[in-house]
There are 2 protein chains.
Amino acid sequence: MEIFPSIDHASRCTTCAIRHRSICDALSATEILSLNRIARSRVVPAGQMILGEGQARTVFANIVSGVVKLTKTLDDGRQHIIGLLFASDFLGRAYRAENPYFAEAATDVELCVFPTAGFERLLAEHPGLEHRLFQYTLTELDACQEWMLLLARKKAEERVASFLLMIAKRVPNMECSRVERRDEVHFVLPLSRAEISDCLGLTIETVSRQITRLKTRGVIELVNYREILIPDLARLQEAAYDAPAKVPLPKARRSVPAED
Amino acid sequence: MEIFPSIDHASRCTTCAIRHRSICDALSATEILSLNRIARSRVVPAGQMILGEGQARTVFANIVSGVVKLTKTLDDGRQHIIGLLFASDFLGRAYRAENPYFAEAATDVELCVFPTAGFERLLAEHPGLEHRLFQYTLTELDACQEWMLLLARKKAEERVASFLLMIAKRVPNMECSRVERRDEVHFVLPLSRAEISDCLGLTIETVSRQITRLKTRGVIELVNYREILIPDLARLQEAAYDAPAKVPLPKARRSVPAED
DNA sequence: CGTATTCTTGAGCCCCGTCAAAATCGGTGG
DNA sequence: CCACCGATTTTGACGGGGCTCAAGAATACG
């Protein structure tokens with residue numbers, strides 16, 4: 001694992017694109033300086049492994065740009081993407097002897113890498129940093145539990161719509177997309193169909209069919225395989241069955257078949 | 001929400017059954033005393049709601065005994081149990097304005113309850129407590145991500161076996177079960193079939209059929225609907241597809257790159 | 001322009017969901 | 001102790017959503 005020498009301690013953080021969205025946000029000027037001193041920039045090409053499942057932790061990192069996928073695999077090859085990391089997200093499981101997942105660059109990725117020992121020392125010395133990481137972990141847990149509901153109970157079309165919605169919300173922060181009109185979103189998918197199916201617990205073919213279905217119904221438009229235009233976010237949200245949970249329902253515990 | 005007056009500050013924690021497994025474990029004698037001062041015991045009968053989804057947080061608590069289920073629900077009634085809490089587990093999402101889930105007693109439950117404001121003050125004053133809670137949250141996240149793989153990729157029988165395995169590992173800490181011989185486990189299910197199906201993303205009928213199947217194959221024995229005997233944990237583990245790599249089957253579609 | 005990869009589309013099937021009914025359990029009262 | 005009743009669980013029959021297998025189109029790449 002090659003580490004590039006850091007070049008400019010003084011300015012790197014001040015010009016950092018994710019400075020105020022990452023875990024660094026909560027740090028004071030002096031804390032930032034400490035962190036900066038051990039940080040190294042690193043660029044990882046799409047498809048390359050960053051961390052191996054079960055291997056000893058080698059590194060922590062902020063995602064500066066690009067998308068990282070975290071996967072878990074069953075022995076027979078069945079696998080699942082348990083999480084996606086976007087710009088400003090944090091990679092690495094503090095306080096664990098080994099990684100519980102496999103981390104791989106889904107697109108070309110820029111990382112701000114912190115060596116294990118140094119980062120954990122900082123964590124111990126600066127309570128503010130640990131607190132921020134705790135906050136971030138809670139957000140991760142929220143997202144994970146939300147996704148469980150999708151995997152357990154949503155239909156294929158709802159899953160695909162939910163996925164596109166999630167991407168639409170997170171990717172526009174990057175340069176490859178922009179909001180062009182209110183409620184109209186345009187972005188480039190960071191994942192292949194195979195990877196999407198591994199996010200959703202479906203097969204490639206089902207994902208493809210559901211995307212076609214959404215296209216046919218006019219909920220989305222495909223510029224090309226990877227590029228998607230969403231004319232009306234509300235309609236996609238509807239297809240995702242993402243409506244906010246209302247008041248506790250009347251004891252209807254068994255699934256009620258969806259109407260319309 | 002009725003709060004019982006605390007009776008014996010001095011002795012409660014020293015006689016607490018979960019004293020050394022809960023988040024209290026990491027606390028010093030003086031910290032324990034502070035926590036103890038605001039703690040209240042509370043007993044919740046099976047089926048009663050403890051925390052409402054989306055409602056303002058009212059309370060944090062240690063589970064002293066019993067099982068608590070955490071559920072999320074879609075508007076049309078589809079629901080999922082995103083987590084189970086057993087003795088020594090912690091209930092409540094610190095730093096969040098509202099609860100992201102419903103918490104309900106699955107069995108009769110004994111809680112050690114901490115009022116919101118008091119607990120958060122302690123959290124701020126005693127870094128050790130926050131650190132411990134962070135550790136606990138990381139464990140929760142691990143479990144959640146593991147469960148996602150189950151929901152996304154395991155077959156019905158594997159799911160049910162995995163569930164029984166999980167219960168077998170956690171429930172024996174309670175008085176309602178005991179290890180009788182090496183690899184033989186006997187326990188009482190804390191959940192109904194309906195609740196199990198909501199854990200696994202299946203239907204009641206499928207859960208029932210798979211349990212029957214496991215029984216027919218001799219992997220488990222049913223004393224009655226709720227009471228289960230596992231003659232050989234290894235066989236159940238096998239059925240759960242929880243085992244370490246045997247024969248990596250024909251290169252799956254997207255294989256894990258890079259084994260070093 | 002040719003080849004490899006990715007994506008789409010089609011046909012058939014199977015696992016699991018749905019609907020329905022029977023069996024078992026737990027509790028209650030005679 | 002037993003009869004009865006509601007709730008839970010099991011079992012059966014059947015259908016459909018999504019998986020599998022297999023081409024065929026579109027795209028990327030040299």
Side-chain angles (χ1 to χ4, degrees), chain A residues 45-47 76-80 106-108 150-161 163-164 188-216 220 222-228 241 251-259, chain B residues 46-47 76-80 106-107 150-161 164 188-198 200-216 220-228 241 249-255 257:
Chain A
D76 59 4
R78 284 180 286 179
Q79 71 177 326
H80 181 62
T107 66
D108 291 345
L150 174 148
L151 292 172
R153 292 302 180 201
K154 286 193 179 179
K155 301 241 178 281
E157 185 179 330
E158 295 169 334
R159 295 190 199 191
V160 171
F163 174 83
L164 295 176
V188 174
L189 282 175
L191 303 186
S192 68
R193 297 291 187 270
E195 290 167 323
I196 294 172
S197 71
D198 277 341
C199 276
L200 298 175
L202 300 169
T203 59
I204 300 181
E205 295 91 330
T206 299
V207 169
S208 177
R209 272 186 260 267
Q210 296 304 334
I211 287 181
T212 304
R213 237 166 90 86
L214 287 171
K215 187 179 65 178
T216 307
I220 64 174
L222 264 71
V223 181
N224 59 48
Y225 288 164
R226 287 274 187 151
E227 220 174 323
I228 288 188
Y241 208 89
K251 260 318 190 182
R253 64 148 311 289
R254 209 77 297 278
S255 69
V256 177
E259 60 272 59
Chain B
D76 59 4
R78 286 179 286 180
Q79 72 177 325
H80 180 63
T107 66
L150 174 148
L151 293 172
R153 292 303 182 202
K154 286 194 178 177
K155 301 245 178 276
E157 186 179 330
E158 295 169 334
R159 294 190 200 192
V160 171
L164 294 176
V188 174
L189 282 175
L191 303 187
S192 69
R193 299 291 186 270
E195 290 167 323
I196 294 173
S197 71
D198 277 341
L200 298 175
L202 299 169
T203 59
I204 300 180
E205 296 91 330
T206 299
V207 169
S208 177
R209 272 186 261 266
Q210 296 304 335
I211 287 181
T212 305
R213 238 166 88 88
L214 288 170
K215 187 178 63 179
T216 307
I220 64 174
E221 292 169 32
L222 265 73
V223 181
N224 59 48
Y225 289 163
R226 287 274 187 149
E227 219 174 325
I228 288 188
Y241 208 89
L249 293 184
K251 265 304 193 188
R253 167 164 52 75
R254 288 152 270 98
S255 62

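Below, chains carry the letters A, B, ... as their sequence lines are ordered, and counting in each starts from 1. What you see is a predicted model, and the numbers here were worked out from it, not measured in a lab.
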Return the value, rounded to whole Å, for the distance between atom [atom1] of [X] and atom [atom2] of [N].
| X | N | atom1 | atom2 | value |
| --- | --- | --- | --- | --- |
| I220(B) | dT9(D) | CD1 | C1' | 14 Å |
| I204(B) | dG12(D) | CD1 | P | 18 Å |
| R213(B) | dT9(D) | CZ | P | 21 Å |
| D76(A) | dT20(D) | CG | C1' | 15 Å |
| K215(A) | dC7(C) | NZ | C1' | 11 Å |
| R226(A) | dT6(C) | CZ | C1' | 9 Å |
| L191(A) | dC7(C) | CG | C1' | 15 Å |
| L202(B) | dT18(C) | CG | C1' | 14 Å |

Side chains of L189(B) and I196(B) in contact at under 4.5 Å (non-hydrogen atoms): yes

Residue mapping more 5' on DNA chain C - nearest nucleotide basis, Y225(B) or A156(B): A156(B)

Position toward the 5' end of DNA chain C (nearest nucleotide), R209(A) or V207(B): R209(A)

Given dA20(C), dC21(D), dT9(D), the nucleotide with the shortest approach to the side chain of E205(B): dA20(C)

Short side-chain N/O contact from T212(B) to OP1 or OP2 of dT11(D), under 4.0 Å: yes

Residue-phosphate contact under 4.0 Å: T206(A) side-chain N/O, dC19(D) OP1/OP2: yes

Pi-cation contact, Y241(A) with R153(A) (under 6.0 Å, within 45°): no

So how far is it from [X] [atom1] to [Y] [atom2], rounded to the nearest 0.5 Å?
| X | Y | atom1 | atom2 | value |
| --- | --- | --- | --- | --- |
| E195(B) | I204(B) | CD | CD1 | 10.0 Å |
| K215(A) | Q210(A) | NZ | CD | 13.0 Å |
| L202(B) | S208(B) | CG | OG | 12.0 Å |

Sugar-phosphate only, base, or nothing, as touched by S208(B) at under 4.0 Å among non-hydrogen atoms: base

